[in-house]
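First the structure, in the form of structure tokens, and then the observations on it.
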Amino acid sequence: MDILQIVMPVLVMIILGMLCRKWKILTGEGVANMKVLVTNVMLPVAIFHALATAEYNKETGILILIMLIMLVVSFSLGFVLKPFLKGKYQRYLPFMVSVYEGGLMAYPLYTSLCGSENLSHVAVLDIAGLLFGFSIYMGMLGQVEDGGKIDVKKLFSSAIRTPAFIASVLGIIAGLSKIIIILLDSPFGGVYQSVENILTTSVTAIILLVVGYSMELNANLLKPCITTILIRMILQGVMMAGVLFAVHSLVGDSQIVNLAIITYMSSPATFSMQTFMKDEEGSAYVSTTNSMYCLVSILVYIILAVTIC
């Protein structure tokens with residue numbers, strides 16, 4: 001029942017998105033407009049608030065640095081592994097084997113395992129994902145989607161103009177200065193919280209709706225999706241071992257932190273990727289792969305739950 005409480009809302013919204021496409025409740029243009037709303041307004045606000053209210057200390061800095069290095073390494077290895085995925089979806093492999101879905105998968109699964117009072121441990125890991133994901137990762141995805149070669153100058157230019165990346169930088173500045181924490185403790189805290197809630201409450205539902213709308217269950221997608229899942233599982237297994245070793249060496253051994261790392265790195269690639277994609281076939285491949293990978297996350301959760309009980 002605990003697993004169903006976590007997974008069912010995700011499945012319901014994905015299925016609803018699929019039905020919206022099948023029954024023509026939503027059009028491609030309407031979904032494209034939803035993506036613009038999410039990427040330019042709702043997601044940046046959510047990112048800013050998450051980073052502005054995070055706790056920063058020496059251990060946090062070390063964990064963020066370890067995760068950033070791991071993300072760069074896994075993303076780079078994705079380009080090396082491209083020959084293992086034949087066909088037109090090969091260009092998406094680096095994006096599919098790196099970055100994680102924290103908010104919709106890792107957070108609730110970890111909370112179920114360790115309690116909401118320990119959620120900060122997995123949230124710290126996600127800071128690196130936000131910084132990398134909404135700068136280099138999404139910037140390069142945009143260039144790949146446009147069919148061009150990777151241009152470092154254009155990548156930097158697009159990153160500093162991306163609302164999500166700007167929100168990440170401002171969120172960290174606000175987090176280090178604790179200005180939002182102070183605001184939340186002031187008489188205006190309720191006002192800020194109300195505005196933030198109304199701007200971000202629907203972001204999860206919309207992203208999952210877009211994932212479902214883009215998803216296609218057909219035989220042609222089955223092979224590339226399964227191949228991608230296997231490659232991600234193997235690569236993330238190696239990366240996970242490296243992160244655990246680095247954390248144990250530099251921060252110390254803690255079961256709570258170990259569970260956070262394993263749960264977080266067992267989640268699928270970020271669902272937010274969907275809101276940045278333009279190619280319909282590529283979007284279907286990404287949506288289907290991520291949805292199928294949720295089964296891997298649930299299996300890891302079950303193993304961890306049995307192990308610690």
When Asp279, Leu85, Val97, Thr228 are each screened for side-chain contact (heavy atoms from CB on, under 4.5 Å) with Tyr92, the one that passes is Asp279

Hey, mind stepping through Met292 and Ile226 against side-chain contact (heavy atoms from CB on, under 4.5 Å) and telling me if it holds?
CA-CA 8 Å; Met292 292 172 65; Ile226 292 176; 4.0 Å; yes

Check Ser266 against Ser297 and note the closest heavy-atom contact, atom names and distance.
O-OG, 2.8 Å

Parallel, tilted or perpendicular: which fits the ring planes of Phe75 and Phe95, with parallel below 30° and perpendicular above 60°?
perpendicular

Could you check if a side-chain atom of Lys22 sits within less than 4.5 angstrom of a side-chain atom of Tyr213, using non-hydrogen atoms only?
no

Answer with yes or no whether the side chains of Asn197 and Ser194 bring together a donor and an acceptor at under 3.5 Å.
no

CD1/Ile231 to OG1/Thr289 distance, rounded to the nearest 0.5 angstrom?
10.5 Å

Any carboxylate oxygen within less than 4.0 angstrom of a Lys/Arg side-chain nitrogen, looking at Glu280 and Arg21?
yes

Checking side-chain contact (heavy atoms from CB on, under 4.5 Å) between Met240 and each of Val243, Leu244, Val238, which is the one that passes?
Leu244

Hydrophobic clustering (ILVMFWY, side-chain heavy atoms < 4.5 Å, transitive) - are Leu125 and Leu65 grouped together?
yes

Interatomic distance, CD1@Ile173 vs CD1@Ile180, rounded to 0.5 Å, equals 12.0 Å

Would Ile64 end up clustered with Phe245 when hydrophobic side chains under 4.5 Å apart are linked, directly or stepwise?
no

Would you find a donor on one side and an acceptor on the other, under 3.5 Å apart, between the side chain of Glu101 and the backbone of Ala269?
no

Please determine which of Ile261, Leu71, Val247 meets the side-chain contact (heavy atoms from CB on, under 4.5 Å) test together with Ile66.
Val247

Could you tell me if Gln236 and Tyr100 have a donor-acceptor pair between their side chains, going purely by distance under 3.5 Å?
yes

side-chain contact (heavy atoms from CB on, under 4.5 Å), that's the test. Do Gln90 and Phe84 meet it? Break it down for me.
CA-CA 8 Å; Gln90 187 183 72; Phe84 289 95; over 6 Å; no

Counting N and O atoms only, with roles assigned by atom type, does the side chain of Ser287 sit under 3.5 Å from a partner on the main chain of Gly212, one being a donor and the other an acceptor?
no

Could you go step by step and tell me if Leu183 and Ser186 meet the side-chain contact (heavy atoms from CB on, under 4.5 Å) rule?
CA-CA 5 Å; Leu183 177 62; Ser186 74; 3.8 Å; yes

CE-OH distance between Met96 and Tyr293, expressed to the nearest 0.5 angstrom:
10.0 Å

Using a 4.5 Å cut-off on heavy atoms from C-beta on, say whether the side chain of Thr263 contacts that of Val300.
no

Say whether Leu26 and Leu37 are linked into one hydrophobic cluster, either directly or through other cluster members, by side-chain heavy-atom distances under 4.5 angstrom.
yes

Between His121 and Tyr264, is the gap from one ring center to the other below 6.0 Å?
no

Are Leu176 and Val124 grouped together when hydrophobic residues (ILVMFWY) are joined by side-chain heavy atoms under 4.5 angstrom apart?
yes

Please answer: with hydrophobic residues joined when any side-chain heavy atoms are less than 4.5 Å apart, are Trp23 and Met18 in the same cluster?
no

Please round to the nearest 0.5 Å and tell me the distance separating atom CD1 of Ile136 and atom CG of Leu131.
10.0 Å

